[in-house]
Chemist: 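What follows is a single structure, and I will ask about it in a moment.
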Amino acid sequence: MMIYADNAATTKVSRAAIEAMIPCLEEQYGNPSSLYSLGQRAKEILEEARAKIAAAIGAEPAEITFTSGGSEADNQAIRSAAMIGKKKGKTHIISTAFEHHAVLHTLAALEKEGFTYTLLDVHEDGLVRPEELEAAIRDDTCLVTIMYANNEIGTIQPIAELGAICKKHSILFHTDAVQAVGHLPINVKEQNIDMLSSSAHKYHGPKGIGFLYARKGIRLTNLIEGGAQERGKRAGTENVAEVAAMAAALEEAVANMDRNAAHMSALRDKIIKGLSEIPHSALNGDAVKRLPGNINFCFEGIEGESLLLLLDDRGICASSGSACTSGSLDPSHVLLAIGRVHDVAHGSLRLSIGDDITEEQADYIIKNVREVVEYLRSFSPVWRDLMSGKTQFIL
Ligand SMILES: *Cc1c(COP(=O)(O)O)cnc(C)c1O
């Protein structure tokens, strides 16, 4: 059996997305900037895709800029808001401690350029408190950037409420919605979202393509100098095939959203229940306000890395921490942000199931995670010390 349970890292490209790409590669290969009809047909494909994507989040087509993915969209959104703020003498940004590194590292870079930022606490349940956002707002705050749903622990923030607070204070509100687009219903106008980042490969589109929504009137700063593509805001010949694939993938994800979410969340809850029976284990993040496919646990007395390797032997692809941090020995900043201590954070497991998960696969995951955790504990010195009372259990 092979179970792909790492959909938060990336997803399999859907048939619809592949089929949308092929004609762009084989026949409609013109440059959208060319005036002859082959080029103009490519331009049409691009604009049809833009309209579909805009409709999927309640935006206008002119508010969508194509990017190379979620990281670029995050960088561009935050830098743009920072530049707008700076012109008005406002250089303070509010975010959270468990954002994706595309956000956190951009904030760190801006700090070197004279900006300051406040990171809100996400508490034990992985959720921001709207009143704490309101309290953190200063006269010089120019931007609030808070992720829609967390990529590691899956918690979903009260976005509309946070957006309303920003609107009340006339502060730009950006959300990294990479884990949410195609999985949760989004309407940027109703939710008071000024800017939103998305990436196709998190909803069965290809890697290396994404988009940034920026409300009409928000002046984007271009990160790449060059031609006048994307209204001068993102230079470089457009990736027509991948844009078409992204639109097809998103259209399909939105059409099946309710059904997929119901199916996945039922099996998510079954797996959570099954893994909760492992002694000295704990679910990370709120049990209800979480993505339909996200399961994230800490198991005391083991190393996440060993757990992943043994699960791989049994055909289960999972992750420990985020794909970006694995390979480093530092525990996940997300788990530390929700208050897990270092030792416990090391023993974490993220399973992000897909919409094709079956009941049988869910049972297989529960059985194998239980067995592997028990096996690893059987020769773990850390576990032995815990069992003998030499050190104290935390979970
Ligand atoms: C995957 C991810 C990103 C980065 O997107 P890329 O397209 O891989 O650059 C940013 N934010 C979140 C929350 C993600 O899950």
Side-chain angles (χ1 to χ4, degrees), residues 5-11 56-58 69-71 73-74 77 95-104 120-130 133 144-163 173-188 190-193 195-205 210-213 249-250 253-254 257-258 260-262 264-265 268-269 272 283-297 319 321-324 332-335 337-338 348 350-355:
D6 204 14
N7 287 275
T10 196
T11 57
I57 59 163
S71 300
D74 282 341
S95 189
T96 78
F98 78 164
E99 296 296 309
H100 191 273
H101 284 133
V103 169
L104 291 176
L120 298 175
D121 188 0
V122 289
H123 299 265
E124 248 177 81
D125 55 9
L127 296 166
V128 168
R129 303 293 184 263
L133 166 62
V144 171
T145 172
I146 295 178
M147 70 199 316
Y148 203 118
N150 185 271
N151 48 304
E152 290 188 40
I153 60 171
T155 50
I156 302 167
Q157 301 300 341
I159 290 297
E161 214 177 320
L162 301 174
F173 178 49
H174 166 253
T175 184
D176 172 340
V178 173
Q179 293 288 334
V181 172
H183 300 276
L184 300 172
I186 296 179
N187 185 301
V188 290
E190 285 169 11
Q191 294 172 290
N192 299 303
I193 300 169
M195 289 190 276
L196 172 148
S197 305
S198 173
S199 177
H201 76 99
K202 304 292 173 71
Y203 51 83
H204 302 289
F211 67 88
L212 170 61
Y213 150 80
L250 184 53
V254 169
M257 189 181 284
D258 293 349
N260 286 343
M264 287 158 75
S265 54
R268 170 200 69 191
D269 292 344
I272 289 177
L283 178 70
N284 292 313
D286 192 85
V288 178
K289 292 173 185 159
R290 69 190 300 129
L291 288 166
N294 180 288
I295 298 138
N296 191 314
F297 269 85
S319 126
S322 75
C324 320
S332 141
H333 71 287
V334 173
L335 297 178
I338 61 165
S348 77
R350 178 186 70 184
L351 296 156
S352 42
I353 55 176
D355 47 37

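Numbering starts at 1 and runs along the sequence shown.
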Chemist: Going through the checks in order, is the side chain to side chain contact (heavy atoms under 4.5 Å, CB included) test met by Leu162 and Phe173?
Modeler: CA-CA 8 Å; Leu162 301 174; Phe173 178 49; 4.0 Å; yes
Chemist: Working to the nearest 0.5 Å, report the span between CG of Asp176 and CD1 of Ile146.
Modeler: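 Result: 11.5 Å between the selected atoms.
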Chemist: Quick one, Leu291 and Gln179 - any side-chain contact, counting heavy atoms below 4.5 Å?
Modeler: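 Side-chain contact under 4.5 Å: yes.
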Chemist: Quick one: pull up CD1 in Ile295 and CZ in Arg350 and give me the separation to the nearest 0.5 Å.
Modeler: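 Reported to 0.5 Å precision, the distance equals 11.0 Å.
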Chemist: If you measure from NE2 on His101 to CD on Glu99, what distance do you get to the nearest 0.5 Å?
Modeler: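 So the gap between those two atoms works out to 10.5 Å.
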Chemist: CG/Leu104 to NE2/His333 distance, rounded to the nearest 0.5 angstrom?
Modeler: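 Leu104 atom CG to His333 atom NE2 measures 5.0 Å (nearest 0.5 Å).
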Chemist: Enter the distance from Ile159:CD1 to Ile186:CD1 here, rounded to the nearest 0.5 Å.
Modeler: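 Spacing of CD1 (Ile159) from CD1 (Ile186) equals 8.5 Å.
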Chemist: Any idea which heavy atoms bring Ala102 and Ser71 closest together, and the distance?
Modeler: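 Shortest heavy-atom separation between Ala102 and Ser71 comes out as CB-CA, 3.8 Å.
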Chemist: Not counting sequence neighbours, which residues clear side-chain contact (heavy atoms from CB on, under 4.5 Å) with Asp125? List them please.
Modeler: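 side-chain contact (heavy atoms from CB on, under 4.5 Å) list for Asp125, sorted by chain: His123, Leu127, Arg129, Asp286.
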Chemist: So do the side chains of Val334 and Val122 get within less than 4.5 Å of each other, counting heavy atoms only?
Modeler: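 No; the side chains remain at least 4.5 Å from each other.
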Chemist: Test your reading of the model: is there a side-chain donor-acceptor pair from Gln157 to the backbone of Val128, 3.5 Å cut-off?
Modeler: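 Yes, the answer is positive, given that a donor and an acceptor are paired below the 3.5 Å cut-off.
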Chemist: Taking atom CG of Asn150 and atom NZ of Lys289, what is their separation to the nearest 0.5 Å?
Modeler: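 One gets 15.5 Å once the value is rounded to the nearest 0.5 Å.
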Chemist: How close do Gly58 and Asn187 get, heavy atom to heavy atom, and via which atoms?
Modeler: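 That would be CA-ND2, 4.1 Å.
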Chemist: Test Met147 against Phe98 for side chain to side chain contact (heavy atoms under 4.5 Å, CB included), laying out the working first.
Modeler: CA-CA 9 Å; Met147 70 199 316; Phe98 78 164; 4.1 Å; yes
Chemist: Any side-chain heavy atom of Asp355 within less than 4.5 Å of one from His204?
Modeler: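 Yes; the side chains approach each other to less than 4.5 Å.
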Chemist: Do the side chains of Thr155 and Asn294 get nearer than 4.5 Å, heavy atoms only?
Modeler: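 No. Closest side-chain heavy atoms not under 4.5 Å.
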Chemist: Given side chains that start at C-beta, do those of Arg290 and Ile272 come closer than 4.5 Å, heavy atoms only?
Modeler: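 Yes; the side chains approach each other to less than 4.5 Å.
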Chemist: Measure the shortest side-chain to side-chain distance between Pro158 and Pro130 over non-hydrogen atoms and say whether it is less than 4.5 angstrom.
Modeler: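 Side chain of Pro158 against side chain of Pro130, heavy atoms only: contact under 4.5 Å found.
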Chemist: If you take all heavy atoms of Leu212 and Ala77, which pair is closest and at what distance?
Modeler: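 Reported closest heavy-atom pair: CD1-CB, 3.7 Å.
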Chemist: What I'd like to find out is whether the side chain of Val178 reaches to under 4.5 Å of the side chain of Tyr148, using heavy atoms alone.
Modeler: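 With C-beta onward as the side chain, the pair stays apart.
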Chemist: Could you pull out the closest heavy-atom pair between Ser348 and Asn296, with the gap in Å?
Modeler: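 Distance-wise, the nearest heavy atoms are CB-OD1, 4.3 Å.
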Chemist: Ignoring hydrogens and geometry, is there a side-chain-to-backbone donor-acceptor pair from Thr145 to Thr175 under 3.5 Å?
Modeler: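 Side chain of Thr145 to backbone of Thr175, a donor-acceptor pair under 3.5 Å: no, none is there.
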Chemist: Are His183 and Tyr203 close enough that some pair of their side-chain heavy atoms sits under 4.5 Å apart?
Modeler: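 In contact.
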Chemist: Quick one: list whatever passes side-chain contact (heavy atoms from CB on, under 4.5 Å) with Ala261, sequence neighbours left out.
Modeler: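 With neighbours one apart ignored, the set is Pro292.
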Chemist: What heavy-atom pair brings Ile353 and Asn7 nearest, and what distance separates the two atoms?
Modeler: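 It is C-ND2, 3.4 Å.
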Chemist: After noting the C-alpha distance and the side-chain angles of Val181 and Lys202, does the key distance pass the side chain to side chain contact (heavy atoms under 4.5 Å, CB included) rule?
Modeler: CA-CA 8 Å; Val181 172; Lys202 304 292 173 71; over 6 Å; no
Chemist: For Phe297, give me all partners under ring pair (Phe, Tyr, Trp, His ring centres under 6.0 Å), at least two apart in sequence or on another chain.
Modeler: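 For Phe297 the ring pair (Phe, Tyr, Trp, His ring centres under 6.0 Å) partners, ignoring immediate neighbours, are Phe299.
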